[in-house]
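Following: one structure in structure tokens, then a few remarks.
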Number of protein chains: 2
Amino acid sequence: MPNPTAAMLVIGDEILSGRTRDSNMHFLAGELAKQGIDLIEARVVGDDRAAIIGAVRALSAAADHVFTSGGIGPTHDDITAECIAAAFDTPIGVREDARRLLADHYAATGRELNEARLRMARIPEGATLIDNPVSIAPGFTLKNVHVMAGVPSVFQAMVASVLPTLTGGAPLLSQSLRINRGEGDIAGPLAALAADFPDLSIGSYPFQQDGAYGANIVIRGTDGARIDAAMTRLAQEFEGAL
Amino acid sequence: MPNPTAAMLVIGDEILSGRTRDSNMHFLAGELAKQGIDLIEARVVGDDRAAIIGAVRALSAAADHVFTSGGIGPTHDDITAECIAAAFDTPIGVREDARRLLADHYAATGRELNEARLRMARIPEGATLIDNPVSIAPGFTLKNVHVMAGVPSVFQAMVASVLPTLTGGAPLLSQSLRINRGEGDIAGPLAALAADFPDLSIGSYPFQQDGAYGANIVIRGTDGARIDAAMTRLAQEFEGAL
């Protein structure tokens, strides 16, 4: 059975303007690979209603799971929750359990649950809350879309609470081999290897060091014995260049 | 006149599997902002023909310029050039000027221009070559799509040769202010500010330090005097919390 698939949507003007370098995509990619869920696409859009709604609909149809990051805070540019609701033609409003989480938290820390903070309790109808142990304001899951914060520590905590609830597949395994030959010299044998092992993904990542050319070859797949077999053949073919 | 728009397409299994953390998107975002070209979307897809073709067509229609990175080397998983050609129903083959670049380079460095390396001279009909001062194998521009290498040093060199040929707009300017108040306390005044300055983009990036909450407020736009005016008002409103 093929692995379940996932897509990611990063939301925020600050990524597209170059101010902030996103780190959530790389983190999520690694976590999904461990769990055997194949990340098939990632997108970054700005704080723009039409762009968010369009991307959510496209990715929700294309993958088994969609993970979003960003745009669920208290400020005017945090429009993710209402866009997710709109993408699925679902009503959205302040939900009592989310409001209570925030009320208790702000009471305990001596801050006011004002109108802006109350926006973080707006949850689309039918959604499930995602726990936020870092700063309390919850994420949520609606249909196959998991809506999470952009702050990396909060995003990571939310991923940690969502992922165990999802059915995974066979974890992605990988082995790599450094070959001290130019990528153009490796390419022919590598293509033949890829043709003989169509169940594996074989990638070549060239480098140049002290004027010499080389490439790291990475073989990925879900069957460790097949990866061993391909790697053994590769090592024999380039015995003199390892 | 609104600024020209751009989209980016990052191509490579290694990004989606979590092996490699992309850095080209963040670099390009910063360079485009300086030149006054608005990056409106970025996507990451794997080494998959249908995914690449679909994304190229969608982004080419949505933005004035598309920049791709990855998949133009000599190995079997480097399929970007033929996918770009297919996306525009354009023939592709080894082009003499590109072949000569490679032939001279490999002759000078004592390596063989074999069949694999010759793949890097395959250029869609009607394309313009993009100079590669780092490792010679060229990128190319077809229609509004600029096709570049994934290796960051080569990608950056190619961006440096393409960007000066494009018509830019007003560069994106920004100022930021650190406010030592919780984002929920800043949100109300910030929304009012955003409503009064609809020509500016106002973002809030919360942090927590030594148990205290705060946010960095970033105001972006193309008119420095307007940014000054908005920033002055913000600083007055939060005079006691700076």
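Each chain gets a letter, A, B and so on, in the order the sequences are listed, and its residues count up from 1.
- Most heavy-atom pairs under 4.5 Å with chain A, from the set B/L118, B/D38, B/V44, B/L9: that is B/V44.
- A donor-acceptor pair under 3.5 Å is absent between the side-chain atoms of B/D13 and the main chain of A/G203, judged by distance alone.
- Rounding to the nearest 0.5 Å gives a distance of 9.5 Å between CG of B/D22 and CG of A/D22.
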Worksheet item: Taking it one step at a time, do B/N216 and A/R19 satisfy side-chain contact (heavy atoms from CB on, under 4.5 Å)?
Response: CA-CA 12 Å; B/N216 287 301; A/R19 176 185 182 271; 4.0 Å; yes
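- The part of B/Y213 that comes within reach of chain A is its side chain, from C-beta onward, which places non-hydrogen atoms under 4.5 angstrom from that chain.
- Only the side chain of B/M25 comes within contact range of chain A, judged by heavy atoms closer than 4.5 Å.
- With chain B as partner, the option from A/A29, A/G184, A/G18 having the largest number of non-hydrogen pairs under 4.5 angstrom is A/G184.
- Interface residue B/Y205: only side-chain heavy atoms are found under 4.5 Å from chain A.
- Looking only at heavy-atom pairs under 4.5 Å with chain A, the residue among B/S23, B/P206, B/S174 that has the most is B/S23.
- Note on B/A51, B/P74, B/A187, B/G182: by heavy-atom pairs under 4.5 Å with chain A, the leading option is B/P74.
- To the nearest 0.5 angstrom, A/T75 atom OG1 is 6.5 Å from B/L190 atom CG.
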Worksheet item: What do the steps show when you test B/Q208 against A/S153 for side-chain contact (heavy atoms from CB on, under 4.5 Å), and what is the final call?
Response: CA-CA 11 Å; B/Q208 196 180 349; A/S153 59; over 6 Å; no
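- In this structure, no portion of A/M8 lies under 4.5 Å from any heavy atom of chain B.
- The minimum heavy-atom distance between B/S204 and A/D77, with the atom names listed, is N-OD2, 3.8 Å.
- Only the backbone of A/T20 comes within less than 4.5 Å of a heavy atom in chain B; its side chain stays farther off.
- In this structure, chain A has a heavy atom under 4.5 Å from the side chain of B/A33, while its backbone stays farther away.
- The residues A/R111 and B/D185 are annotated as not salt-bridged, no charged nitrogen and carboxylate oxygen being separated by less than 4.0 angstrom.
- For a residue to count as touching a neighbouring chain, one of its non-hydrogen atoms must lie under 4.5 Å from one of that chain's; by this rule A/S201 touches chain B with the side chain only.
- Considering only heavy atoms from C-beta on, B/M120 stays 4.5 Å or farther from A/E183 through its side chain.
- Of the listed residues B/L16, B/D48, B/I40, B/D78, the one with more heavy-atom pairs under 4.5 angstrom with chain A than any other is B/L16.
- Annotation: maximal heavy-atom pairing with chain B below 4.5 Å, among A/R21, A/E31, A/H26, A/E14, occurs at A/R21.
- Heavy-atom distances place the side chain of B/R220, and not its backbone, under 4.5 Å from chain A.
- Under the side chain to side chain contact (heavy atoms under 4.5 Å, CB included) rule, B/S17 has a single partner from A/L32, A/V218, A/L172, which is A/L172.
- In this structure a side-chain-to-backbone donor-acceptor pair under 3.5 Å is present from B/H76 to A/I202.
- Contacts with chain B were tallied for A/A191, A/A42, A/G73; A/A42 has the most, counting heavy-atom pairs under 4.5 Å.
- With a 4.5 Å cut-off on non-hydrogen atoms, A/E115 does not touch chain B at all.
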